[in-house]
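Values in this document were obtained by computation on a predicted structure and should not be read as measured data.
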Amino acid sequence: MDNYQYDVFFEAKSLSDEELGQIQLYFNIRRRSGGGDCEIYKVGASTYMISFMNKNAQERVLQQKDHVIQIEGQEIIISLRREKVAESSKQPTGSANQKCSSGKSVEKVFKPDHYLLRFLTECKKAYSTLEKQLSVISSTFEIKLASDELVVMRDPAAEDVCPLKKWEFAVNQVYEALNFRYTIHFEVESDKSAILNDNPFLESDHLKIFYEELTCLAVVVGEQKEVEKILKFVSGLQDKQQIQQECRVSEKQFALIKEQYVKTNLPALKFTQERAGVLRLKGPEKEVHAGEKELLELTQEIKEKRIPSHRALMTFLESSGSIQHFQNRFQQSLRSPVILETSGSDLLLLSLSDGALEEAAAAMQRDVCLETVRLENTQKSSVFTKLKEDLSEAVKQANCGSVKVELIYLDESSSDPKVQLVGYTTEVNTLKNIVLQYKRNHQNHHASLPLPRPEMAEHFSQILSMAGVKKSSVEMKPTCLPSPCVHFTGPRYEVEDLMDSLESCLQRLITKHCEVKGPGVQHLFQGEGTRTLQLVKNSYMVGILPIDDKHKIDVPKYTSSTSLQSLPSTASAFFQDSLDFDKEIHIKVVVGSLEQQQADVFVSPMIQTNMTSTLIGSSLLNKAGQQLQNNFNNAKGSLTLMPGKVLEVDATPALGCSKVFFIECAPKGNKLISENALRCGIGKVFELCEQNSWGSVALPVIGPGIVLSIPVKDAVNILTYEICEFLTGPTGHLHTISIAIMPNNTQSEEMFQTVCGNLSAKMVDSAGQGKRFKNYCRDITNEATDAIVNTTDFKDFQTPGVCKDILTKAGPQIQAQLTGAQVASGQIFMTPPGGFPCKTIMHVCGERNPDVVKTLAKEIVVRCEQGCYRSVAIPAICAGKGSLGANVVAKSILEGVKDGIQGVTLRYLKNIRIVLLKINVFLAFKATAKQIFGGFTQLTAPAPLVPSNVNTRWRSATSIRHSGSTRSSRSHSLPFPSPVAFDFSTLVTSLPDTESKAEFLVIGHTNDDVSDACRELQKAYEDQCSTHTFFPDEIERLTPDEMKQLLSKVKSLHLQIEQNSCNEWVVKGLKNGVNQAVRLIQDALRRQVREKDQSLLFTQVTWCILGPQGIWQKLPKDSNFKLEKEDVKDGIVDAQGVKWTVDLKKKEAKACDSRQVTILKRLENPPDFSLPIYWDNMSQSDSLKVIVLDPSSIEYQTVKRGFKRTVTKTVLKIERIQNMNLRRLYEGRKKELETKNHPGGAGEKILYHGTSEASCSSIMTTNFNRNFAGQNATVYGHGTYFAVNASYSANPIYAVPATDGTQLMFVALVLTGHYAQGQADMRTPPVRVAPEHLYDSVVDYVLNPSMFVVFHDCQAYPDYLITFK
């Protein structure tokens, strides 16, 4: 049944064996069913399975879902399906397809039984009858035996007479009548088939008989009555004939006994061996039974000997004719014939003589054999083809005349290839000797050749090129450790020849150490200078090998634990949220998203310079807000980043960092490119952190996810490798690396375990002289506490888990104490530690009951305090094998611990460690701890990894734990002093030493070539270098920011800056770097000149723009300069950052974004005074200018609004007074008061002063005159009076009406400064601070003045004149 693997199923009620046989016969015949060789089985109450040997047969029978089988005059419909599950059966009686061959003709295709088609073809009457029936409906037909199709075609001319649907119905009726009229009978009984085959006269015009020779199947096709008549005749004839009997006996067995069997006295018995293994006896019933008995007795006398062998040897004996050869040989040489048969992998010898059997067996074991020779990877040798040719020729010679030997290659592509030799022993041994000789000459040989320098090992390909070594099958692996050498693996003779050649070449080569010194030399030869190196190599035919100084520094170990530390008297718990690596560099594995962390730098991946192309970038944007996107766009600019590059972006206050580094990653598709880009990016992040003095960095595990699709293991390997690579170098600033793992991700658990495992394996223990890698197990057996809690059911101690691990370490004596122990619910069973490194072991059973777990947790605390134990390690009881939920376990344990410590002064127990292996369990404990312990809770990482002999250098374990929740914000920068004390020499000395050197090992064939190449390298560097000298004043004029840029350039471009004997500053280095430094200083000097010109012009000319509120605004200096120089093609920018296009002729400006149009004006300032920006321009000759304000202007409305606040009279006109001399004096007095009273002390106010038409002109020309004091009143002193409210000044006493009834009032700017209470006899303000400092003005009421009096003529300015009535 193993060969019958392709199954189909059908449903049927109970079928008899005969019915099953006929169904199997039907599906065995491909022409009938489409099937092939098959077997049928009953697999259910009404389900049967047909198993085919060939898959194509299975597919063919399934194409016709329903098969109709005639069994004893009844139709059985078999509905096949691929699955075993029952389906609803359909019972179609035929299949037909309709197709239109053209626009007019229509044909219908039927799939009748093949034998019915043959019957129609061979029976003219049936053919004619069908033809007539179809002609009635204007149709013809065609029989296609090759495809078993009956094609009915409608006459195109009958389209109108016979519509399509009517025609189809008529055709179907004809086809159904055809199937009903003719019967197809499959005769499967061989006797009846033979009778039908032997009597061809039974055929007629109404009946045809078809015979299948391969299956001895006869098919009778015809009208039902005719078929039944023939079958009745055949059955009767069968009954009259003699009986037949088949006996199982092989041809070779019968050959041994045939001579004796023929001599039996059964004259009427006939026997034939029509097929293998079966002898048919035919004759009268009595003789047939006697012959069967005699045959059985003779076969029982045959003796056999089975020789176990190999299937390949049996195949050779059968295919080569060797069995017949040995049988003929034994016939001639032995007393009794011996017959050979193969039986699977055994050889079966048959004979009537025991002696003959033994002799034949000995000859077979001696003369034929099978040998399998292992090639042991020699097939990788280039001469393996030659071996095959030699063996092929040897086989050809051995088999000349007859097949004597066969050769088969086995497992050629595997690591253990073989060659199998089978045949006659002599020939097999000959081929075997050829293979063994080949193996001796060509099997792999390992050897090593020492190299003079490690650089030769690192760049061994150049050595091979110089030696002219041709490509061979020898594998070469150069290495520097423990000493430089190259390992050879390959055929012995090739390895030895290659080593001799290389050794001779190395002795002839000339080597020289070349050292090129100078700033930027390494940068040159690692960048643009690589092409120069190649040119020198090619020109002088030398090899140039760089010599690198590799400093190896021990990587720090890390410590971690999940614990309740130093418990106070009140309930509290301290949980760490990271793994801290206790040395100068602290590495934390943090459970949480990146945006929740606190660090100087966050790291996020991106694709195609798109910040939100990854979930991490989108999460950062969601928290930081749109400003982060703006910062990203500014940093990006027009840059196009290549994979592996890093974009530095300023963070926003919402994020817990100062910078965000975005690594440009390669999208998924090419795994190698993606991983290399990620590797370069992470390495660049650490490099930038050091360069920019960042103290801490937080980054996720980059790679797993839909965007990059890097497997977790590969992504973690890249991250941890780059961390360790960074740690092997000198580190000056970066002290904390946090790896953030999102807790709810489906891959979080795998990420966490892989990160911890990788870092654990890579950490180096530097104790002692050598380096020793230490792996830390992740279970409770690593805990170093006084007490250990073991969770067990006190029955099963063998299932892998915490219990088995603890008991294995504790020893069999502890397990013996637990066996059969009777422990009450919620109680602790305590034992000595045995071999476990603690003081006691507490064995508990949680019983999958939260109340029991809580009771146990409390009891553990109590027992530890009673036993004077200072520390205890508790697993998550019942979270694993116990099958309680993580939240339930966390709540039970933590509440139990809280109950145990609450209200109790713990004298001994100070440290409770809860060991958590899974992230989901940790998160449950974390959330529950916050609820139970409140503000005392510190978060903890789920990592039960504990240190071994950790030496703390910078901080204690406790301080490290507490530092896990704080952020280091160190951000170092160059210590620029204030501009007053700017010491450039100090800054230069703070730069790192840029004097560097590039070292090479130059290898050549002659001394001249090597020396010339060294000189060419020195010259190449000198050609790329330049020097520039700056005068001291050029440096001194730089601002601190420009100085910072210069020193940054010097550092990043590997330049050298120093002061010569003339106190000049000299910059040395590569031309490009020096030129950049020169351009920076020149740009700074040009900027200073431009800013000086802008500032000077700004004092002379002021350009103003009318703002959106109708208020004039000064334009910035650079825009002021552009307008004055008429350089406005690129527009101008106002003080608010709005960009405008300018029409200088119209003095108009249009906003670039809003398209708003406004006006510009130009003010020319005298040398000692700047015109107020709301004035109109005045020439130097204009001492007074009175401007009537436009009533629609904002300026007019503002002045009027102040007036109307207290006055109801009508404003007729408002004029602006522009008196340059008075305003100059007023501004001078204002500065004087501001200096005396400090900024803002001038106390400038807008006040009102009523006047007469006669005094108005004088005031506008010469200002207010205190000499006229007393005309109206001197209640508060002899000075000039100003009212806070316009209503006071509008009094006709002060604003004397003209003849037309109009009145005048000045709106004045008054400098009130510090004021005091006025008195009638005052001519100056009273003393404020004795003896010199006076008040600046007096008032009517100090607490709420409504009247101000000034005694200085320049202390007020008539700004506007209002005419009202």
Side-chain angles (χ1 to χ4, degrees), residues 1169 1172 1183-1184 1202 1217 1219-1252 1254-1291 1293-1296 1304-1361:
F1169 170 64
S1183 60
L1184 175 65
I1217 313 302
N1219 189 317
M1220 197 180 300
N1221 294 328
L1222 296 183
R1223 190 61 180 248
R1224 182 186 292 110
L1225 295 172
Y1226 173 81
E1227 293 294 338
R1229 178 61 177 168
K1230 181 178 179 180
K1231 290 182 181 180
E1232 180 183 342
L1233 292 182
E1234 286 178 344
T1235 302
K1236 184 184 77 167
N1237 300 334
H1238 302 297
E1244 184 177 71
K1245 290 180 173 56
I1246 298 175
L1247 301 176
Y1248 298 94
H1249 183 87
T1251 188
S1252 63
S1255 302
C1256 178
S1257 177
S1258 173
I1259 291 174
M1260 287 191 294
T1261 305
T1262 63
N1263 210 342
F1264 301 103
N1265 193 338
R1266 65 181 185 278
N1267 293 325
F1268 294 107
Q1271 286 185 350
N1272 294 319
T1274 58
V1275 179
Y1276 304 108
H1278 295 268
T1280 305
Y1281 284 69
F1282 297 92
V1284 173
N1285 297 317
S1287 59
Y1288 185 92
S1289 299
N1291 191 311
I1293 297 175
Y1294 310 117
V1296 180
L1304 299 174
M1305 181 189 300
F1306 281 104
V1307 179
L1309 295 176
V1310 182
L1311 303 175
T1312 62
H1314 296 294
Y1315 50 81
Q1317 179 66 44
Q1319 296 179 9
D1321 58 346
M1322 287 183 178
R1323 294 187 177 276
T1324 61
V1327 176
R1328 177 169 172 257
V1329 180
E1332 308 162 337
H1333 295 289
L1334 306 180
Y1335 281 95
D1336 304 310
S1337 62
V1338 297
V1339 296
D1340 57 344
Y1341 183 53
V1342 175
L1343 295 179
N1344 187 18
S1346 62
M1347 182 74 66
F1348 285 86
V1349 182
V1350 296
F1351 301 92
H1352 196 295
D1353 293 342
C1354 299
Q1355 207 162 317
Y1357 176 78
D1359 207 16
Y1360 296 97
L1361 177 65

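Taking the six-membered ring wherever Trp is involved, the centroid distance between the rings of H1249 and F1282 falls below 6.0 Å. Annotation: F1348 is in aromatic contact with Y1315 [ring centroid separation under 6.0 Å].
A donor-acceptor pair under 3.5 Å links the side-chain atoms of N1263 to the main chain of D1353, judged by distance alone. A distance-only check finds no donor-acceptor pair linking the side chain of Q1355 to the backbone of V1350 [under 3.5 Å]. Under the 3.5 Å distance criterion, the side-chain polar atoms of D1359 are left unmatched by any main-chain donor or acceptor of A1308. Looking at T1251, its side chain never comes within 3.5 Å of a backbone N or O of A1295 through a donor-acceptor pair. When atom types are taken as modelled, the side chain of D1340 and the backbone of M1347 share a donor-acceptor pair closer than 3.5 angstrom.
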Worksheet item: Where do L1361 and C1256 land on the side-chain contact (heavy atoms from CB on, under 4.5 Å) test, with the steps shown first?
Response: CA-CA 9 Å; L1361 177 65; C1256 178; 3.3 Å; yes

Item to complete: List the steps, then state whether side-chain contact (heavy atoms from CB on, under 4.5 Å) holds for E1244 with K1230.
Response: CA-CA 8 Å; E1244 184 177 71; K1230 181 178 179 180; 3.5 Å; yes

Item to complete: Test V1284 against L1247 for side-chain contact (heavy atoms from CB on, under 4.5 Å), laying out the working first.
Response: CA-CA 5 Å; V1284 173; L1247 301 176; 4.1 Å; yes

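If you take NE2 on H1333 and CZ on R1328, they are separated by 8.5 Å, rounding to the nearest 0.5 Å. For the atom pair I1293 CD1 and S1252 OG, the distance stands at 13.5 Å (nearest 0.5 Å). Distance CG/L1309 to CD1/I1217: 11.5 Å, rounded to 0.5 Å. N1219 contributes atom CG, which lies 9.0 Å from atom CG of L1225 (distance to the nearest 0.5 angstrom).
Remark: Y1357 pairs with no residue by the ring pair (Phe, Tyr, Trp, His ring centres under 6.0 Å) rule, at least two apart or across chains. Y1248 meets the ring pair (Phe, Tyr, Trp, His ring centres under 6.0 Å) test with no other residue; sequence neighbours excluded. With sequence neighbours excluded, the residues that form a side-chain contact (heavy atoms from CB on, under 4.5 Å) with R1224 are P1166, D1168, F1169, M1220, N1221. The ring pair (Phe, Tyr, Trp, His ring centres under 6.0 Å) check on Y1335 picks up nothing, with sequence neighbours excluded.
Sorted by first and then second residue, the salt bridge (Lys or Arg N to Asp or Glu O under 4.0 Å) pairs involving residues 1276-1286 (not counting sequence neighbours) form an empty list. Among pairs with a residue in residues 1312-1325, none fulfils salt bridge (Lys or Arg N to Asp or Glu O under 4.0 Å), at least two apart in sequence or across chains.
With respect to the salt-bridge test (charged N to carboxylate O, under 4.0 angstrom), the residues R1229 and E1232 qualify. Using a 4.0 Å cut-off between charged nitrogen and carboxylate oxygen, K1236 and D1336 count as a salt-bridge pair.
Classification of the Y1281-Y1276 ring pair by plane angle, with boundaries at 30° and 60°, yields tilted.
Side-chain N/O atoms of Y1294 and Y1288 include a donor and acceptor closer than 3.5 Å. Using modelled atom types and a 3.5 Å distance limit, the side chains of S1258 and T1261 yield no donor-acceptor pair.
A 4.5 Å side-chain heavy-atom check between L1334 and F1351 finds every atom pair outside the cut-off. Between P1358 and M1260, every side-chain heavy-atom pair lies at or beyond the 4.5 Å cut-off.
The 12-atom threshold is not exceeded at CD1 of I1246, counting heavy atoms of other residues, nucleotides or ligands nearer than 6.0 Å.
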